[in-house]
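Chain naming here is simple, since letters A, B, ... match the order of the sequence lines and numbering starts at 1 in each.
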2 protein chains.
Amino acid sequence: MSTESPRRAGRPRKAILSRDRITEHALSLVSQDGYDALTMQQLARSLGVSPSALYNHVDSKQDLLQWIQELVMAQVDTSAFGKLEIHEALIQWATSYRNVFALHIPLIPVIAVLPVSDSPRTIAMYEHVAETLRGRGLADAAVIPTIVALESFIFGSAMDTGAPHDIFDTSNHREATPHFTQAVAAQRATGVNTSDDSFERGLRALVTGLLASRDLT
Amino acid sequence: MSTESPRRAGRPRKAILSRDRITEHALSLVSQDGYDALTMQQLARSLGVSPSALYNHVDSKQDLLQWIQELVMAQVDTSAFGKLEIHEALIQWATSYRNVFALHIPLIPVIAVLPVSDSPRTIAMYEHVAETLRGRGLADAAVIPTIVALESFIFGSAMDTGAPHDIFDTSNHREATPHFTQAVAAQRATGVNTSDDSFERGLRALVTGLLASRDLT
DNA sequence: ACCTGAACACCGTTCAAGT
DNA sequence: ACCTGAACACCGTTCAAGT
């Protein structure tokens, strides 16, 4: 009798939720409606479950954001290391890094304070960069500051991507700011995206300058 | 009779609140207990007023953050422009900028999407930088991207300041990441602050590279 | 014009209760 | 072990009511 029932004491029903399923739905929510839509209640609804059920699998929303960060970080392309010349490899990696996080700006403050030990993908990425820099002959003590400097620029540039296109509109104060107004007009006339142009210029300057340091052995 | 009363119809009582007083108390809250303590309720309490009273003076919390941003931006030191040689002036300004916002990290996402037209102090600062860059002979169309690149690095570096000091601890994965582990140890052995070192190296590289551009006339 | 008090529509999170 | 439903302690913001 009772043995034919698939659900009985000692035979617990398979869990509906899991880290993978939760993270997957969270990312789907984010890509559809942005990070504002990522609330525990909306996420629970999308999973067909009550909000409190989530807490059987994740300790906090902060924890969930770290899971997401892992997935996002995995999208960064590190394939250039060991394949391209070091300047080109760094530029290709940094560009991919910046473009990925331009789609996940609210994650940036999370990562900035996240111990890398909690993020295997990030460690693996750093190992790639560190190996390349040391292979180039950069002094050991200069490797981390070089990476951090690049990353700071990458994160700052990714955030800038979210700025409105008319952020530099100064029609109201034109007379008081002749140089700035002229510069804005000239840049606009080129027709190129300000964020992209700024990133490319800065990245080239940064990579060149950091590798030209006197810390080469 | 009724004339001796200081408070009567047609003679409204002086307002308790004002933009200045609100902003001042908000900054005081922030400097004492950080941005987490800056809630409309806490702010109202610090002003001895009910939370709803604030909304007679400020449209939203976002608006309040913009007021604060104005005050904070005013702390950035631009005195080096026109006084020091351009490389030195940019470095001094950028360093002050970064150090100021290291104390106001949660403001950075606010600024990043804030139209500069809403922020007179920011416009004035940009005018200084733009004038200096044009005076150096930088092409008009290169001025804004140069400023944005510097600012992205400044904001990213300010955020990095909030990272825990042991953020690069990888004791658990040591064997899988030899280069990274070695780099961390070497940097730590120097005894210098990672954020500061990274900022200084990156800033020098950035300023040198941006000013060495072929966009000079 | 400016302030109070109550209320609203949310948050993230906890916890006893069920299976 | 895992889920539900109710509850808690907050948020920012609105609004009728008072002066």
Quiz item: Between B:Leu133 and B:Ile147, is a side chain to side chain contact (heavy atoms under 4.5 Å, CB included) present by the stated rule, with each step listed?
Solution: CA-CA 9 Å; B:Leu133 291 175; B:Ile147 294 177; 3.9 Å; yes

Quiz item: Under the side chain to side chain contact (heavy atoms under 4.5 Å, CB included) criterion, do B:Arg21 and B:Ile16 qualify, and how do the steps go?
Solution: CA-CA 9 Å; B:Arg21 233 170 79 79; B:Ile16 296 173; 3.7 Å; yes

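Within the structure, side chain to side chain donor-acceptor pair (under 3.5 Å) pairs that include any residue of residues 142-156 of chain A comprise A:Tyr97-A:Glu151, A:Tyr126-A:Glu151 (at least two apart or interchain). The ring-ring contact (aromatic ring centres under 6.0 Å, His included) pairs that include a residue from residues 15-49 of chain B are B:Tyr35-B:His104, where partners are two or more places apart or lie in different chains.
Consecutive pairing runs in DNA chain D reach the stem threshold at C:4-8 with D:12-16, C:12-16 with D:4-8, where a stem means at least three Watson-Crick or G-U wobble pairs with distances under 3.5 Å.
Minimum heavy-atom separation, A:Ser60 to A:Tyr55: CA-CE2, 4.3 Å. Of all heavy-atom pairs between B:Phe153 and A:Ala149, the closest is CE1-O, 3.5 Å. Residues A:Val49 and A:Leu17 approach most closely at CG1-CD1, 4.1 Å, considering heavy atoms. Among all heavy-atom pairs drawn from A:Ala205 and B:Leu210, the shortest one is CB-N, 3.8 Å. When all heavy atoms of A:Arg98 and A:Asp196 are compared, the pair lying nearest together is NH2-OD1, 3.1 Å.
For the pair A:Trp67 and A:Leu71, the minimum side-chain heavy-atom distance is 4.5 Å or more. No side-chain heavy atom of A:Val113 sits less than 4.5 Å from a side-chain heavy atom of B:Ile167. Residues A:Ile144 and B:Phe180 have side chains in contact (heavy-atom distance under 4.5 Å, counting atoms from C-beta outward).
Rounding to whole angstrom units, CD1 of residue B:Ile16 and P of D:dT19 are separated by 15 Å. Per the geometry, CG belonging to A:Asp36 stands 14 Å off P belonging to C:dC10, to the nearest Å. Residue A:Leu54 contributes atom CG, which lies 13 Å from atom P of C:dC11 at whole-angstrom precision. In this structure, A:Tyr35 places its OH atom 19 Å from C1' of C:dC11, rounding to the nearest Å.
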Under 3.5 Å, N/O pairs linking protein and nucleotides 5-9 of chain C:
| unit_1 | atom_1 | unit_2 | atom_2 | d |
| --- | --- | --- | --- | --- |
| C:dG5 | O6 | B:Ser52 | OG | 2.4 |

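Comparing C:dT13, C:dC3, D:dC11 by their closest approach to the side chain of B:Thr39 singles out D:dC11.
Within residues 19-28 of chain B, no residue is approached by DNA chain D to less than 4.0 Å at the level of any non-hydrogen atom. Less than 4.0 Å separates DNA chain C from at least one heavy atom of each of the following residues of residues 55-62 of chain A: A:Tyr55, A:Ser60, A:Lys61.
With B:Thr194 as reference, B:Gln187 is the one residue of B:His165, B:Gln187, B:Arg188 to meet the side chain to side chain donor-acceptor pair (under 3.5 Å) rule.
Between B:Gln41 and D:dG12, a side-chain N or O to OP1/OP2 separation shorter than 4.0 Å is present.
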